[in-house]
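Here is the structure we will look at.
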Amino acid sequence: MRFNLRRFDFVLLACTVVLALFGIAMVYSATLNVPTYESYPVRQLVYVLIGLLLLMGAAAFDYRLLTALQWPMLIFMLVGLAAVALLGQVRGGTAGWFDAGVVLVQPAEIAKVLFILVFAQFLSAHHDQMHRPQWVVLALVLIGLPVALIYLQPDLGTATVFIVVGALMLFAADLPWAYIAAAVVSAALMAPIVWNNLQEYMQSRILTFLDPASDPDASFNVAQALISIGNGGLLGKGFAQGSQSQLHFLRVRYADFIFSVIAEELGFVGAVILIILLAILLLRLLNIADQARDNFGRYLVIGITAMIMFQGIVSIGMNLGILPVTGITLPFISYGGSSLLTLMIGIGLAESVAMRSRKIEFD
Amino acid sequence: MSVISRPLPPSLRIMLLRVLVVTVAVIMVAQLWKLQFLQGEGFRLRANENRFRLVETTGQRGVIYDRNGHILVRNRPSFNIAIIPGTLPDDEAEAEAVLKRLEGLIKLSESDLPVHAADDETEETTAGPPKLGSSPPPQFRERMTVDQAMEEVNAGLQGGAYRPVVFAGPVSEETAFAIAEASYELPGVELVIEPVREYLSGTLTSQVLGFMGPIPQEYVDDYEAEGYRADDQVGLSGVELTFEKALKGQNGSRNIEVDVNGREVRTVGDIFPSEPGDNLVLTLDARLQALMEEALKKGLTQAKANTGVAIAMDPHTGEILGMVSLPTYDNNLFADGITADEYNELINDEQRPLLNHAISALYPPGSTFKIVTASAALQEGVIDERTRLGDSFDGRVDGMIYVDNRFFPDDPRYAQPFYCWIHAYGTGHYQVNVREALAVSCDVFMYQVAGGYRKTFEGVGIDKMDEYAEQFGFGDVTGIDLPGENPGLVPTPRWKRLTYAETWAAGDTYNMAIGQGAMLATPLQVLNATAAIANGGHLYKPQIVRQIVDVDGKVVDDFKPELIRDLPVDPDYVAVVQDGMWGAVNYPNGTAKALTVPGVSVAAKTGTAEFFDPNIELLPNNRLPTHAWITAYAPFEDPEIAVVVFVYNGGEGSATALPVAQDILRGYFALKNPPQPADPVDGEPAADQPAGPAEPGADQPALPVETVTAPAPADATTPAQGEGG
């Protein structure tokens, strides 16, 4: 199958590159004067460069060839997640890390793309049968398997990403509204059961969000994030000049709370530019999905869009104090190799879909 | 796959997702707007609250010098190890590893630092009139075990994660530097440096300088009203307490920018600069003080006694030149935080080392009080300087007289005998005049002038005796600028009625005349009364501080001699008493004739005061044990130093206290005039003289006392020899 370079989405690539560079700059500011994190900006730069290569490679690669690999990908994903759940290194309360010599790898990040590919393939194959309960159940099982393994790590945030990505892909796959309504109702009914089975730290995070006064120490980070954002004003305190971030009142500045660093140091203008960049990126992705040549491509791009959108909403929402604290990082911006490479591959796959889209050519 | 060629229709669901993206973006921007503009001011304030901190600073406490500028106390840094729970590694095992490492760095030599001392067991000092100003709560600085620290850390993490937890009390400088060097490997560990006192003269001056500690609970409000902070250290005894206000540096504050761990990033500005406290220049002479302590220690050892006092004063100004109270303690113990054991040991020590016996303890003054009795008798006209009284009215020279029974005055069987000290040697003083009575310390003479004798002689009477005792400063504090001074007791008929429900008897007046009975005084009062005689009749307030000097060396306060009152005694009569004291040293049978200082004429009064202490055994023949006293001043012609020496249960004043006073006076004059190469050999011919109760010629005054202003030949021994021969 041929591809058309003119259908390559340069706006999407531009948004990606600008966001990634933005990210390197903010990681630099967030890790300034902390010896432990000294290497982070350089590492992030390396990840960005590798990521761009992967992006190009994925774009050049015909995504449809991946349909042949769905079983190996599924098995690889499940084995990887199972292994990390059992053998992974514990960091920050979760076991989601593999030590790969120089770097620590988070298999759950790679698993996101694999899951999207497998699930997109499943949905496109059974596109006409999604009104039948058995396929819906099968779809739920497909979502449930990785979610269960990630929950065992335990990592509620990433598990939620899988649930939401799966749900949005189902939604895009024209899951009948009746099922959606039923899902919403049963989710509401299941909430108490889920709550009781949550890990303690997850419960406390949610409780803290609902009632910040309940645990002054845990709400410290959230309060400091709000102070940082409020401190920024219109134009911010200046790059690497934010008192909240540079004096370390803000915790996990280079990842979970990097949005607050941006809002403090670059102000309302900087933060809005970031939101707009992300919004454009998401809208471009949705365009690609809309114009995809086939359902596999469409669902694949929807999955990638859902991943970026959900992580972006949760991360920014948490910083803005409108969503509870999770370990979810801000796409393209937060420090983290596995996450960045996964996102870059995702964008590359989307470009691959774009270049093979159904748009009529006049050449 | 046939699907491939068929283009997909635009999706409604994708359109809905577009709407979702835009909606969420708008919500986020709106929320940003709210946080950064609508609530921005509040958050900016909170951000500033975060980063700016008003740090309280403490002005350096003033240092203390002796009169010659020798430094007695200064400040030195004390190193404490604190843990900031919030900055320890999150992982409990890692945190524990840090603490273990820290524990390892705290040197083995310091392993005797108490690990969690017992709770405060402050006990009041044993019964007795003088109490320590306010029993200071000892501050315990204990080293924690790692487990205890972890417990504290976990407790801290729930509340103030950035409040320091003191892990180990003062550690050595070496350890502190080792910890500072390893600070990178010890996240969450902080070295806290605070100034503490370093008493260079330690035990030598601890009674006078005192010590510092936390503000006693009951005074916290008072101190805070004066601008103190609740955790400030304050003087708790000695001049550290009395001159607290002057010594205290002024607290200030500084605005700093801090990071999340509360570590200072930079100073933003001084708001109220702290100011150092003023320095004190004491009247003490550290060299004299040292030789006084040495002399007193020697005296105590020889007398097998534990407690003693030696004070030296300039009689013309009231300046205290030296003040030694033994046993003493090391006030440096308090500087680094005294432990419970150390504190209880001090508190429960029967010798009460924390007590300044020179001003806080009361003893019968014994014969040293006779200068008051003699002054009163002369001034009241009961006697003149030639009046002779004694034990021979009944025809026997036996050193005893009788006081008639009040109800059967004519029945000798009921009469009560009163003895002179010399009675124990089987003789009496016969008839003596006032000078001789003082010189030989004749008790009978003093009994008679104070209480009268039978119907033949009218005495001063108790009311006048009390009046004169009070005029000489007994029964009231001298006002010296040291805490815990005891007023003592001058017994009056009213006092006896109220205390014992008994009427005052003639015997009580007799006892009072020789400083016995219920009469109680501090060694300082005895010295001050002596100094008033020495300077011609002026009772000065004893001073311990000479100058208050600010940090630039400018004199803030210059202490001038402060007259309490002029004695109501004619200068001529004061001179007679002076002669009597001169006689005690220079008459052949003077009680202090062993006291010689080469080239200097000395006057003195010994005292051997009986006392009763249930813990001390009686002497053979059921005699009461005695305290040894001596007061002395020199040079006789123009006194520059007056000394009192007191030895608790020391036996005879002339035997125990006198050598100490001699060492002190000799030391004083040697300091003043360093010995010449050809130091005249100081024979003590007086010792060879038959010191029996020789009776001086009745009509010939022993000395040309009327013109006594200068018994000129400076060598003290010469006139005595001439007279004795």
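Order of the sequence lines sets the chain letters (A, B, ...), proteins ahead of strands, with each chain counted from 1. The figures that follow rest on heavy atoms only: side chains count, while hydrogens, waters and symmetry mates do not.
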Does B:Leu35 form a side chain to side chain contact (heavy atoms under 4.5 Å, CB included) with A:Leu320? I'd like the steps, not just the answer.
CA-CA 8 Å; B:Leu35 292 177; A:Leu320 290 171; 3.7 Å; yes
In Å and rounded to the nearest 0.5 Å, what is the CD1 to CG distance from A:Ile275 to B:Leu32?
4.5 Å
Separation of A:Leu247 CG from B:Phe52 CZ (nearest 0.5 Å)
8.5 Å
What residue, out of A:Leu168, A:Leu175, A:Ile276, has the most heavy-atom pairs lying under 4.5 Å from chain B?
A:Leu175
Atom group of A:Ile302 that falls short of 4.5 Å from chain B, counting heavy atoms:
side chain
Can you tell me how far CZ of A:Phe171 sits from CG of B:Leu17, rounded to the nearest 0.5 angstrom?
5.5 Å
Less than 4.5 Å apart, any side-chain heavy atom of B:Glu49 and any of A:Ile227?
no
Taking all heavy atoms of B:Gln36 and all of A:Ile229, pick out the closest pair and write down the distance.
NE2-O, 2.9 Å
Heavy-atom distance under 4.5 Å to chain A: side chain of B:Leu38, backbone, both or neither?
neither
Minimum-distance pair of heavy atoms, taken over all atoms of A:Gln224 and B:Asn50
OE1-ND2, 2.7 Å
What part of A:Gln246 gets closer than 4.5 Å to chain B, counting heavy atoms only: side chain, backbone, both or neither?
neither
Return the NZ to CG distance between B:Lys34 and A:Leu226, rounded to the nearest 0.5 Å.
9.0 Å
Name the region of B:Leu12, side chain, backbone, both or neither, that has any atom closer than 4.5 Å to a heavy atom of chain A.
neither
Heavy atoms of B:Ser11 and A:Arg298 approach each other most closely as CB-NH1, 3.5 Å
Applying a strict 4.5 Å limit to non-hydrogen atoms, the region of B:Val24 in contact with chain A is side chain
Chain B shares the most heavy-atom pairs under 4.5 Å, among A:Asn319, A:Val272, A:Leu286, A:Leu282, with A:Leu286
Measure A:Leu285 against the heavy atoms of chain B and call it side chain, backbone, both or neither at under 4.5 Å.
neither
Nearest-0.5 Å distance, CG of residue A:Asp290 to CD1 of residue B:Ile14
4.5 Å
How many angstroms lie between CD in A:Glu264 and CZ in B:Arg44, if you round to the nearest 0.5 Å?
10.5 Å
Side chains of B:Arg46 and A:Asn231 only: does a donor on one sit below 3.5 Å from an acceptor on the other?
no
